[in-house]
Amino acid sequence: MKNLVSSINNKTVSISVVGLGYVGMPIAVEFSKHVNVIGFDISEEKIELYKSGVDPTNEVGDLKIRESNVKFTNDPSSLLESKFHIVAVPTPINQDKTPNLEPVIGASKIIGENLSKGSIVVYESTVYPGVTEDICIPILEQNSGLKCGVDFKVGYSPERINPGDKIHTLENIVKIVSGMDEESLNIIEEVYKIVIKAGVHRASSIKVAEAAKVVENSQRDINIAFMNELAMVFNKMGINTNDVIQAMNTKWNALGFYPGLVGGHCIGVDPYYFVYEAEKLGYHSQIILSGRKINDTMGKFVAENAIKNLILADKNIKKSKIGIFGLTFKEDCPDIRNSKVIDIIDTLNEYGVEPILVDYNVNNREFINEYKKEISSIEDVRDLDCIILAVGHEKYKSMLASDWKKISSSKGGNVFIDVKSILNENEIINNGFIYWNL
């Protein structure tokens, strides 16, 4: 195993990346600039897209996919060519908010069935402390017939990719690395240094690295929850939350958080992983779970304020045309996983309203498969009584107040819900809208 790094560098041994989504695919492409990479995913459809040079995630773009040297495959036996496996499958939550480890368990079974002696398996998927050693290792051993620590070793290096962010990319983010022992840690560190320009941080144990990931996202979740709670209170007080934040941020140690919808596959999920493991140990979360509950209610809060403002505008709710612009969990990416915009839609449905949905970043077929709802083109949208700007995609931010007016009802008294406070309030009001922001 001591020659594994040199074997990877001289391309006699491949790296494999298991799971080619928003995290795995950029890792595979970046490593392929330097070493041989096998990109494995169980989805035949996804593999065919990559082979044809199409990037459905928009993380690296079609050109880089076409130019990459990744061997894209859904054939598990191809993993036998690798002795350094990176697991980057999603780790979502179940309906009851408990961790869904099926993807990482499935990946471990596939790797185990194609694991050779002298290999290292590194997990990047977000998990609670203990999953790698207590759940994944036994699966690898059972399916390979090999002994961990003797025939193969494991490590954990939490993914930190920020989907849609073209500045904080894989190579520019410090990489946390951990291994089951000193040898595995040294090898994992050296392998990641091939692509990580920002450097690595050696965690003292696998559990520490696992905990660091769930904690960094839980911290963000709690801070945003605080701002969301303030927004709900300021709404009752008739105070503009954005004005308060701008005033507060003039102090040097203000943290710069804003209220908003908190979904996605990280911040909206990771706190539940931490809470789940804490409760198994007999500790009931006081802060983390409270923050998550607040953030989980924000879609409903936005929708209900849209209804209230339509009533104030003397609109017939059931006959009102409401357009929601932006359906992804964050700006300028096509990722719809755990998008809290869906909570806005569901709440409006409870009032008998079926909103018109618009998002140029989202694949219509994928959205139908996931949420059973269709997406409209903005060119086909007219006569809206209410506009909900839910996600601040760049194209929407560049639209003028007069552009929004063109797709609104000519009867006037229309409502504009600016969830992220990205537009100029006075310009919106001067164009005849009733304006509300979070």
Side-chain angles (χ1 to χ4, degrees), residues 13-33 35-92 100-116 119-127 132 136 139-140 143-144 156-161 163-164 169-170 191 195 264-266 269 333-338 362-363 365-367 369-370:
V13 170
S14 297
I15 287 176
S16 81
V17 179
V18 177
L20 298 176
Y22 289 84
V23 173
M25 188 273 296
I27 293 170
V29 170
E30 194 61 34
F31 266 114
S32 74
K33 296 175 183 178
V35 299
N36 289 338
V37 177
I38 298 161
F40 173 83
D41 199 284
I42 59 174
S43 170
E44 183 177 355
E45 180 183 5
K46 188 183 292 182
I47 292 299
E48 290 306 313
L49 283 173
Y50 288 142
K51 283 182 175 179
S52 62
V54 176
D55 176 13
T57 70
N58 288 340
E59 280 301 300
V60 301
D62 295 351
L63 180 60
K64 287 187 178 180
I65 291 289
R66 289 195 296 270
E67 292 178 343
S68 79
N69 296 312
V70 179
K71 178 183 176 181
F72 293 111
T73 181
N74 64 332
D75 178 8
S77 66
S78 296
L79 299 176
L80 287 166
E81 301 172 29
S82 170
K83 284 186 177 294
F84 192 94
H85 304 277
I86 297 173
V87 181
V89 295
T91 43
N100 178 359
L101 294 176
E102 286 305 313
V104 77
I105 289 171
S108 298
K109 288 179 180 177
I110 291 172
I111 292 173
E113 291 166 356
N114 298 278
L115 191 63
S116 57
S119 296
I120 289 183
V121 183
V122 182
Y123 289 86
E124 290 211 2
S125 304
T126 301
V127 293
T132 301
C136 297
I139 295 172
L140 291 170
N143 287 273
S144 67
Y156 184 80
S157 179
E159 60 89 1
R160 282 177 149 181
I161 289 175
T169 53
L170 171 69
V191 170
V195 295
H265 57 94
C266 285
V269 171
C333 80
D335 198 342
I336 57 173
R337 290 176 295 172
N338 192 33
V362 176
N363 180 281
R365 186 178 67 174
E366 182 182 346
F367 197 79
N369 290 339
E370 183 75 19

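Quick caveat: nothing in here was measured; it's all calculated off a predicted structure.
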Heavy-atom closest pair (L140 atom, S108 atom, distance to 0.1 Å) is CD2-O, 3.4 Å
Between S125 and Y156, the two heavy atoms sitting closest are O-OH, 2.9 Å
**Request:** With side chain to side chain contact (heavy atoms under 4.5 Å, CB included) as the test, would you mind laying out the steps for I27 and L170 before giving the verdict?
**Result:** CA-CA 7 Å; I27 293 170; L170 171 69; 4.1 Å; yes
Residues pairing under salt bridge (Lys or Arg N to Asp or Glu O under 4.0 Å) where one sits in residues 35-46, two or more places apart or in two chains, turn out to be D41-K46, E45-R365
Determine whether more than 12 heavy atoms belonging to other residues, nucleotides or ligands lie under 6.0 Å from atom CD1 of I42. no
For residues 62-77, the salt bridge (Lys or Arg N to Asp or Glu O under 4.0 Å) pairs (sequence neighbours left out) are K71-E81
Those residues at least two apart in sequence (or on a different chain) that pass side chain to side chain contact (heavy atoms under 4.5 Å, CB included) with N338 are V269, K340
Without placing hydrogens or testing angles, list every side-chain donor-acceptor pair under 3.5 Å for residues 82-90, not counting sequence neighbours.
residue, atom, partner, partner atom, Å
S82, OG, S14, O, 3.0
S82, OG, S16, N, 3.2
S82, OG, F84, N, 3.1
S82, OG, F84, O, 3.0
K83, NZ, S116, OG, 3.2
K83, NZ, K117, O, 2.5
H85, ND1, S16, OG, 2.7
H85, NE2, S82, O, 3.4

For this session: Verify the distance criterion only: is there a donor paired with an acceptor across the side chains of S68 and Y50 at less than 3.5 Å?
Result: no
Residue set satisfying side chain to side chain contact (heavy atoms under 4.5 Å, CB included) with E366, at least two apart, ordered chain then number -> I336, N363
May I ask you to test the V104-C136 pair for a side-chain heavy-atom distance under 4.5 Å?
-> yes
For residues 16-30, the salt bridge (Lys or Arg N to Asp or Glu O under 4.0 Å) pairs (sequence neighbours left out) are E30-K33
Exactly one candidate in I47, V70, I110 meets side-chain contact (heavy atoms from CB on, under 4.5 Å) with F40; the answer is I110
